[in-house]
Number of protein chains: 2
Amino acid sequence: MHASGSCDQCSLKLLCLPVGLPENDLWQLDEIVQRRRPITKGQVLFRMGAPFASVFAVRTGSLKTVLLSDDGTEQVTGFALAGELLGLDAINEGEHPVSAVALESTSVCEIPFDKLDALAGQLPSFRQHFMRTMSREIASDESLLALLGQRNAEQRLAAFLLSLSTRFRARGLVADRFSLSMSRADIANHLGLTQETISRLFTQFRKQGLIEIHTRDLRLLDMDSLHRIAGIRFVPLSQTA
Amino acid sequence: MHASGSCDQCSLKLLCLPVGLPENDLWQLDEIVQRRRPITKGQVLFRMGAPFASVFAVRTGSLKTVLLSDDGTEQVTGFALAGELLGLDAINEGEHPVSAVALESTSVCEIPFDKLDALAGQLPSFRQHFMRTMSREIASDESLLALLGQRNAEQRLAAFLLSLSTRFRARGLVADRFSLSMSRADIANHLGLTQETISRLFTQFRKQGLIEIHTRDLRLLDMDSLHRIAGIRFVPLSQTA
DNA sequence: CGCAAGTTCTGATCTGGATCATCCCATGGA
DNA sequence: TCCATGGGATGATCCAGATCAGAACTTGCG
C-alpha cells in the first residue's frame with residue numbers, strides 16, 4: 001500500500017478520481033487506493049470473464065480494452081490513457097465484459113469497488129464525480145457508435161486522431177505531436193476497419209500534408225483540415241466538462 | 001404529482017429503479033418521481049443540447065435516442081422500452097447529448113437528478129442499483145460497438161431481433177412474437193445499414209423460415225438459427241444480472 | 001371513402017473498403 | 001553483426017452493401 005506516491009502528489013489528480021474530492025477529504029481516497037507494480041507491454045490487467053472487484057485508474061502508460069466474441073472475433077472497445085478509469089463496465093454483471101491489455105509499460109492504481117462505493121455514500125462530491133465519470137463513458141460510447149455507424153474510413157481516422165490529440169492536451173501534453181502506443185491493427189479494429197486501410201490512410205494524410213508520421217511518432221500538421229474531414233466532434237472519453 | 005399510480009403498484013417495479021430499494025423505502029422514491037402526461041408518436045421528450053435536470057423512466061411505449069451531428073447525419077444510438085432509463089448520458093455534461101423521440105404513444109416518469117443523487121447518498125442499495133444500471137449501459141454500448149465493428153448486415157439484424165426478444169421476455173411478454181415500434185429506417189440507422197438492406201434481410205429471413213413478418217408484426221420462428229447467425233450474444237440493455 | 005403522404009419492397013448498378021499477396025522495414029535477441 | 005520476427009506499406013482484385021430508381025403497400029386525414 002502506498003508503494004509509491006499518494007493521490008495528493010499525483011500529477012493526474014486534476015483528471016482522475018481526486019477531482020471529486022475536497023482537498024481535506026483526499027486522504028480517504030488515498031487510504032483505499034492500492035498502487036500496483038507496473039505491467040509490461042502485452043500483459044493483461046484483467047481478463048474478460050474475470051470476477052470484478054476493483055476499478056483501475058491508469059497512472060502511466062496505456063491499455064486497450066478488448067471484447068472477445070464467441071466465434072473468436074475481437075473488438076477493441078477503447079484505449080485508456082493516464083488518468084482514465086477501467087472496469088466501470090463490470091459493475092453490473094460482477095465480471096469483466098472485456099479484457100484490458102497494456103500497450104506499453106503501464107502502471108495502475110487499484111480501487112476496491114466496495115470501498116469506493118462506501119466513499120460514494122459518505123461524500124456527495126465524490127459520488128457525483130463518479131457518476132459523471134460513468135455518464136461521460138456512456139456519452140463517449142454513443143459518440144463512437146455514431147462514428148462507426150455513419151462515417152467512412154477517412155472520417156473515422158481523422159476523428160480518432162483528433163480525439164487522441166484532445167486527450168493528450170487534457171493531460172498537459174502538446175496536442176499536435178505524440179506517439180501512438182497502439183498498432184495499426186489496433187486502430188483499425190477499434191474503428192471497424194482493416195490495418196491495410198489505416199496504413200493507406202496514413203499515407204494519404206501524409207501526402208495531403210495533414211500529418212507527419214514515422215512509424216508511431218505522429219505529428220498533426222493541419223488540425224483544421226482534419227476537423228473538416230472528421231465532420232463531427234468526436235467527444236473524447238477524457239474530456240472534462 | 002402521483003397523477004397515476006405509484007412505484008409500488010407499477011408493473012415495472014422489478015425492472016426499473018425500485019429494484020434498488022427495500023420495500024419499506026420505496027415511498028422515498030415515490031416521493032420524488034413525477035408522472036408525466038403521455039407524449040404521442042414523433043414527439044420529443046428532450047432535445048439534444050437541452051439542459052439536463054432529470055432522468056426519465058419509460059412507463060409505457062418506447063422511444064429512440066438520436067445523436068445529430070454537425071453535418072446533419074443522425075445516429076439512432078438506442079431504443080428505450082418500458083422500464084428503461086433515459087438521460088444517463090447527460091449527467092456529466094449537464095446537457096443531453098442525444099434527443100429522445102417517442103416511437104408511439106408513450107408515458108414516462110421523471111426523476112429530478114438532484115433528488116435521485118440525494119437518495120443515492122442515503123440508501124446504499126439504491127446507489128448500488130443505480131451504478132449497476134449505468135454500468136450495464138456502458139457494457140451494452142460496448143457490445144453494440146462490437147456488433148457495428150465486426151459483424152455483417154445479416155448478423156447485425158439477427159442480433160438485434162434477438163436482443164429485442166430478450167428485452168420483451170424480461171418484461172413478462174412473449175419472446176417470439178412482438179410488434180416493432182420503430183421503422184425499417186430506424187433499425188437500419190441504428191445498425192449502421194440502410195433501410196433497403198433491412199428490407200431485403202427481412203425478406204430473406206422470411207424465405208429461410210426464420211421469421212414471419214407483416215409490416216411491423218414480427219414472429220420469430222427459429223430462434224436457434226437466428227442465434228447461430230448472430231454469432232455473438234448481443235447483451236441487451238435491459239438484461240438484469 | 002378516397003386520396004396523399006409516408007413506409008416498405010424490389011431490382012439494377014456502383015463503389016469503398018475488404019481480402020489476398022507480397023515486399024519492406026524496424027527492433028531486439030543471440 | 002546478423003538474422004528472425006512482427007509490424008507496416010502497397011498493389012490487384014473482389015464483393016457486401018450503398019445508392020439510385022420505382023412500384024406496391026399502409027395509414028391517416030379531409
Side-chain angles (χ1 to χ4, degrees), chain A residues 40-43 64 72-76 101-105 147-161 179-208 211-218 229 231, chain B residues 40-43 64 72-76 101-105 147-161 179-208 211-218 229 231:
Chain A
T40 62
K41 180 173 170 172
Q43 275 198 302
K64 62 176 172 180
T73 61
E74 296 187 356
Q75 170 72 27
V76 174
V101 182
L103 294 171
E104 57 194 311
S105 285
L147 198 73
L148 295 198
Q150 309 297 329
R151 303 287 158 177
N152 68 25
E154 199 186 14
Q155 296 172 312
R156 292 184 204 188
L157 185 59
F160 175 70
L161 296 181
S179 168
L180 300 169
S181 57
M182 67 293 288
S183 68
R184 306 287 192 270
D186 287 335
I187 297 172
N189 181 300
H190 181 54
L191 299 177
L193 301 168
T194 58
Q195 47 185 321
E196 291 94 330
T197 297
I198 298 299
S199 197
R200 283 187 249 270
L201 283 172
F202 273 140
T203 305
Q204 180 195 316
F205 283 176
R206 177 167 39 203
K207 284 182 181 164
Q208 293 174 309
I211 64 170
E212 207 177 281
I213 186 164
H214 304 100
T215 315
R216 294 191 176 184
D217 293 314
L218 179 67
I229 289 170
Chain B
T40 62
K41 179 173 171 174
Q43 276 198 301
K64 62 175 172 181
T73 61
E74 296 188 355
Q75 171 71 27
V76 174
V101 182
L103 294 171
E104 58 193 311
S105 284
L147 198 73
L148 295 197
Q150 309 296 329
R151 302 289 160 177
N152 67 24
E154 199 186 13
Q155 295 172 314
R156 292 184 204 188
L157 184 60
F160 175 71
L161 296 181
S179 169
L180 299 168
S181 58
M182 66 294 286
S183 68
R184 305 288 191 270
D186 287 335
I187 297 172
N189 181 300
H190 182 55
L191 299 178
L193 302 168
T194 57
Q195 47 183 326
E196 290 93 328
T197 298
I198 297 300
S199 194
R200 282 187 249 271
L201 283 171
F202 274 139
T203 304
Q204 179 194 317
F205 283 176
R206 179 169 37 203
K207 285 182 180 163
Q208 292 174 310
I211 64 171
E212 207 177 282
I213 186 165
H214 304 99
T215 316
R216 294 190 176 185
D217 292 313
L218 180 66
I229 289 169

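The sequence lines fix the lettering, A, B, ..., with proteins before strands; numbering per chain opens at 1.
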Practice prompt. Starting at the 5' end of nucleotides 16-23 of chain C, put B wherever the base has a protein heavy atom under 4.0 Å, S where only the sugar-phosphate does, and a dash everywhere else.
Written response: -SSBB---
Between the protein and nucleotides 26-30 of chain C, are there any N/O to N/O pairs under 3.5 Å, and if so, what are the atom names and distances?
none

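Taking side-chain N and O atoms only, B:Thr203 has a distance below 4.0 Å to OP1 or OP2 of C:dT10.
The distance from atom CG of B:Leu201 to atom C1' of C:dT8 is 14 Å, rounded to the nearest whole Å. As a whole-Å value, the separation of B:Arg184 CZ from C:dG6 P is 18 Å. In this entry the distance linking CZ of B:Arg216 with C1' of C:dG6 reads 10 Å, nearest Å.
Applying the salt bridge (Lys or Arg N to Asp or Glu O under 4.0 Å) test to every pair with at least one member in residues 199-208 of chain A, sequence neighbours left out, gives no pairs at all. Within the structure, salt bridge (Lys or Arg N to Asp or Glu O under 4.0 Å) pairs that include any residue of residues 183-194 of chain A comprise A:Lys64-A:Asp186 (at least two apart or interchain). Sorted by first and then second residue, the salt bridge (Lys or Arg N to Asp or Glu O under 4.0 Å) pairs with a member in residues 188-198 of chain B form an empty list; sequence neighbours excluded.
Contact footprint of chain B on DNA chain D: nucleotides with an atom under 4.0 Å from a non-hydrogen protein atom, first to last in 5' to 3' order, D:dG17 to D:dT26.
Qualifying side-chain contact (heavy atoms from CB on, under 4.5 Å) partners for B:Thr215, counting only residues two or more places apart in sequence or in other chains: none. By the side-chain hydrogen bond (donor to acceptor under 3.5 Å, both in side chains) test, B:Glu104 pairs with B:Ser62, sequence neighbours left out. Listed by chain and number, the residues in a side-chain contact (heavy atoms from CB on, under 4.5 Å) with A:Glu154 are A:Asn152, A:Leu201, A:Gln204, A:Phe205, A:Gln208, A:Ile229 (sequence neighbours excluded). Judged as a side-chain contact (heavy atoms from CB on, under 4.5 Å), and not counting sequence neighbours, B:Ser105 has no contacts. The side-chain contact (heavy atoms from CB on, under 4.5 Å) check on B:Ser199 picks up nothing, with sequence neighbours excluded.
Between the axis at the start and the axis at the end of the helix from C:dC1-D:dG30 to C:dA30-D:dT1 there is an angle of 40°, using five pairs per end and rounding to 10 degrees.
Here the closest heavy-atom approach between residue B:Thr73 and residue A:Gln150 is recorded as OG1-CB, 4.5 Å. For the residue pair B:Gly42 and B:Val101, the shortest heavy atom distance occurs at O-CG1, 3.6 Å.
Looking at heavy atoms from C-beta onward, A:Asn189 lies in side-chain contact with A:Gln75 at the 4.5 angstrom threshold. The shortest distance between side-chain heavy atoms of B:Leu157 and B:Phe202 falls below 4.5 Å.
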Discussion item. Pair A:Leu191, A:Arg151 - check side chain to side chain contact (heavy atoms under 4.5 Å, CB included), show working.
Written reply: CA-CA 10 Å; A:Leu191 299 177; A:Arg151 303 287 158 177; over 6 Å; no
